[in-house]
Every structure is written in C-alpha cells, then in structure tokens.
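Below is one structure, written out as structure tokens, with a few remarks after it.
In each ligand, atom 1 is the first atom listed, and ligand 1 is the first ligand listed. From a predicted model like this one, the values you see are computed outputs, not experimental measurements. Scope of the values below: all heavy atoms of this structure, side chains included, with no hydrogens, waters or symmetry mates.
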Amino acid sequence: MAAAATPSGVSWLSPNPRGLKGQGNQVTARTVQGTMSCRAEERTRSTASGLNSSSAASGRRRQHQDSPSRLVLNLSLLEATARTGAEESKDLTEGDEDEDDATIPQALLHRRQLLWGATGTFSYLTSAGFGLAAPVPPANLSPESCQEVPDQQQKLNCCLPDGSQLTPIDFEFEADLPMRIRQPAHILSKDEEYVKKYNQAYVLMKQLPDDDPRSFAAQWHIHCAFCEGAYLEPNNPNNLKLQYHGSWTFLPWHRMYLYFHERILGDLIGDPEFALPVWNWDNQRDADGGNQMPRMFAPFYFGKPLSMNPQDSELSKAIRNPEHFPPEHVRLDRGNYYDDMGTVFDSNLALMHRAVVTPVSSTDFLGKPYRAGQAADTAGPGSIEVNGHNIVHVWTGSNYLKLRPDHEDMGTFLYAARDPIFYSHHSNVDRMWTVWKILQIDQSTRRGSRKREDPTDPDFLNTQFAFYNHKKQLVHVKISQTLDTERLRYKYQALDSDQDWINYTFADSGQEKPSPEEIARLVTDKVLKKDKSVSFALTRIEPTPSQGRSAEDLEETLVVKGVQVPKNSFMLYKVFINLPDAGVSTPLGIYNFVGVITHVPHKASHGLGHNRKVDFRLSIGASLKALGIKDLEQVSVTFVPGGQEDDVEFDGVDVEFN
Ligand code: C2O
C-alpha cells in the first residue's frame, strides 16, 4: 500500500521551533498528503519563487532580489562558467582506451584469493572480501597505481603528483604546535582581517604549479581521486579501488585531508595558528547566522562586495546555486518547502538529532567496516555521512536554470573539493564527530546508558592513509592517530547552538499506529518510488548478545538493504516508522521520523560500473521506545521521496543489532 490517497486533512502539531529567539509555542496546522507528487510541488515552488508565505521571509527575499549584489551574482555565474571551461580543458584528456570499469571481469572476484596483507601477514579473502581481517594499506602515490577517472566519454585525471621517488614518513604528533581554534564561518565573516588572510592563502595556493602537491589543483584532486577510486588498493590482485566514503573511513580520512589542507594554507601565509572556518549550518539560532552560506564565501561579501569584481575573492570562485546565496537558509529537509520558516528550522534540528544524537553505536554513526581486500561498496555509510553532510553538498551545488546537471561543484563528489566552501563544510562534519563522542545521551538501547566509542577493531585503528604535508613530504597516517583532535593541535570553539539539536524533543504525531492487518497489507514490491510514499512491513527480531555487550545494551538498527543508488543523480528518502500516511509535507519533528537515506552523485564510473548497492542504517530504538512499541511487534516503514529523478530498487528492510 502506497500511502493511498488520504488527503484526510490530518492536523500536525508543528513543534515549537526550539532555540529560536522569541518563539512561543506556536501551533501550525499541516496537512498530510501521502501521494502528493514531489515534481508538482517542485514546480509550484519554482514558479512561486518566494518560498515562504510569511511576510518577513518574502520581504527578505525581495530585498535579496533587488539588491545591488544581483549584478555581482550574475557576474559570478558567468565567471564560474568560464572558469570551469578552462579547468575542464586542462584536466580532461581524450580517452581512447575506453577502459570502463565495467570491463573488469566479475571473475576477478574469486573467492578465497590469497592476500598479502599490509602488515606482512597472509589473510584469506572470501567472496568479495567478507570475513577478511586486515587494515586497508595506504595508497601508493605512483602514476602506475592511479587510473584516470572515466567521466562520461572523457577522462578526468585526478592522479596526484608522483610520490614514487619519495620515502614515506610516518605521521608524528607535534606537541609544540600552537593550538588552532576552528571558529564558525558566519562569525569569522565579520572579521575582515581573517577573511583577507584566508583569501590570500588561496591566492598563493593557486599560484603553485599543478605538480606541486600543495597546489590547489593537487588539493582538490585528492578528493576526486579518493571519492572516485582513481587509486588501486596496494597489494591486491583484484583491481580493487581505494574509496574512503561510505564506511568507517569516511570521518578519519576527511579529518586528515582537512588537517593537511589547513596546515598548507597556514604555511603559505606564514601563520601557524591559521584554522579553517566552520560552516555552522546546524545552527538555527541566528536569523542571519550559521544556517546560510557563510558571507565570506558569497560573491557579495557581507553586504558589500569585496570589490565589484568577484574574481578578487578566491573564496567565492566556485559554481554554486545562486538561489542559495545568503540570506537563503539551508533546508536539510530538502524534499520539502514548508510554508513557515519555523517548521524549516525545527525540521533541521530534528534531522540533526537523528544524525548525531540518536545513533550510539559507531557502526551506525561512522559507518560499517572497510577492510583490505573488500570492495568499498560492500561496506555502508554511517548517519553522519548520509544526513546533513550529503544534503548540504547538494544544497550548495548548482543546477541553476538546468545549466549544471552535474550539480557542480559541491553537489557532485567529483568536483566538490574545488569549491573552498568544501573544507568549511567538512570542518562542521568533523566537529560533529567530536560532539558525538562526548554525548552522554542514550535514548536508543533498552538499558539507556551505553557510552559512545570509536571502533576499537585493529583493522580500523591500523588502516593508513597517504597524504602530502606542507613540506611536500609523503606522510602515512594511521586512523589511530586521527582520533584526538587536541593531539593534532586543533579544536573547535564550543557552540551553544548545538544544544538546540542535542536536547531536541520530538512530538507526538497524533496518529494511530497502523493495525496488524494494515501492516500485513503493505506492498511487497521492492521499489522506492520517486513521486509517492511507499510503506513496508518490518519484521523485528530479538537481540542476541554480541561484541561483549548484553542485549540490553545493543542498538536496534533498521537496515535498508541493497539500495541501488543512482550513481549519477541525487537521491533522498525520509523514513518514518508506523506512519504510512507520511507525505512530503510531514514535518520531521515527530517520534516516527527516524532519519533519511541519501546519495550524492559521483558522476564518474564506480566500482564495477553498475549502480552501486548500498546498505543504509537507521537507529530506530529511540523512536520505538517513544512510540511505546513492544518487543517484536511488527511496524511499518515508510519512505517519502525527496525529489530524485527515478524510482530506486532495493532488497528490503531488515533489523540488525549492534
Ligand atoms: Cu568526501 Cu563531503 O565528501
């Protein structure tokens, strides 16, 4: 049953937009429209242009459109287009070998391949890598280990400067470095000295020749190389590609990517205390605050252009969605444009809570294991990657006037890191890892007192990454060295606004739960629809003690299995428990909402050349408890589409404990 047409006008209590100054307990009536077409809503939204019926909001928008910055905005767009043209002709070479990933024979994925592990021990690889125990070795940065990334007909060379003549050094902590304090970008945007310095660092970085590993080209290619599988996994006979997204390597690898990038920027301007700004998009407090594209990155810097020529700002040179320039607010619930901003902010907080506070296990938060000899596709992303991270990527990138189907820069992993805002966005994602680790809240396990911990698996701790440092040395760093930012000599300014999503309380939907008969009648077709909600029955199981934990301390996880993510387009579904009538307008601040599943376009060919199959994990224990659902009681799971282009097949829903 696909939440059949029930425009029954159910009223929603729109919970108080917490943390917003001067907000009372305002109650807004909402209507659930289970079958409303997202496309139709998308159309209404773009024709209406003003998204908000509230006069304050539309007033802001009018002001935005009439502002002198509009000229600059158009210039910026032209500039951005021109730059990409130049960049592409430099980076893309004609591909004549046509060696698509699809041609790698499946037969290469033999069972029980003998693998020479990085530690010098032998391990057995069973069926695409499961059951193998060995940490992923660092990339070999030689041209032979790197392949061009197929990008439609062309090939993009993301390979990094040749490191084969360098002797790698092991990463060491430098206790005498000054502490670098990463502060919110919307605050730093008012600090002209900081912005000029930061901008100057990129001026200098862009002056370096491309074969210098500190150059801007080499810096953004790091991301393009390791999100698209340009480098082969060393010592592996199966042509497996290194891929640090979609698994427990996501957070530590990006942490060290930012670490070296920040050190290089600081070194170029001779400031060892230089710290990256943090795009505080989770902050819903300040009307012109964190939850907007930070002013320092906008072509019109803080109300006035840096100069009339946006070319002068390296921070604004990127392809972005001009409709999302300030004062537009980030909407983490991308699938919806609510009438009132209060619901937008409230849904943002609800999503943040589900992304960071609800998951207590590292598997659900950081992602699943990725070990040597394992196709990275077979791991699975954690909530930190799938929620705000992916959504803000796509929100920032452009497909303005349909000119950019690839949603550059930020909206596709291939190009994301050539926008300087990438590093500020990822600072915030990295910051959330530090917040998650010290949270004392456990609403998810039965006992309710589980402590959060990074994985202690030796394969996690001993996985190594290769980076170039600010002295152009080749450095190998182990994940065990990435876990404490203070040892890396940086930290984040503590932000009060975190409390708004940490202490967020969900509301009752006021809806009856579906009866067992209704659940029994739900669809069995394993397809998530692009234009309507679909619901499935979830059969629950009893936890069995595992990993040294009693059943009382395990987290119940909804696994959405084998989702065939459309590799070249965006995907988003909002997921609700026991609410088959959930539709695009259902706000997220209710117990039933358990999180989202999303995918950011990669563009380049992936893995074995097919759509990737991804297992998504959503921690549901907190929702089940709040909804008063008893052990083993069947529930429904509803997927509400958020504006993707196609239906998506998957293998069904399941429960796991971890
Ligand atoms: Cu490497 Cu934000 O992705």
Original post:
Can you tell me the N, O or S atom of H426 that's nearest atom 2 (Cu) of ligand 1?
Top reply: NE2
Original post:
Is H223 close enough that one of its N/O/S atoms sits under 2.8 Å from atom 2 (Cu) of ligand 1?
Top reply: no
Subject >> Metal proximity, H425 vs atom 2 (Cu) of ligand 1, N/O/S cut-off 2.8 Å >> reply: no
Less than 6.0 angstrom separating the ring centers of [X] and [Y], yes or no?
{"X": "H426", "Y": "W279", "result": "no"}
{"X": "H223", "Y": "F413", "result": "yes"}
{"X": "H245", "Y": "H599", "result": "no"}

Original post:
Going by the angle between their ring planes, with limits at 30° and 60°, are Y257 and F422 parallel, tilted or perpendicular?
Top reply: tilted
Subject >> Contact flag H245/atom 1 (Cu) of ligand 1, N/O/S atoms, threshold under 2.8 Å >> reply: yes
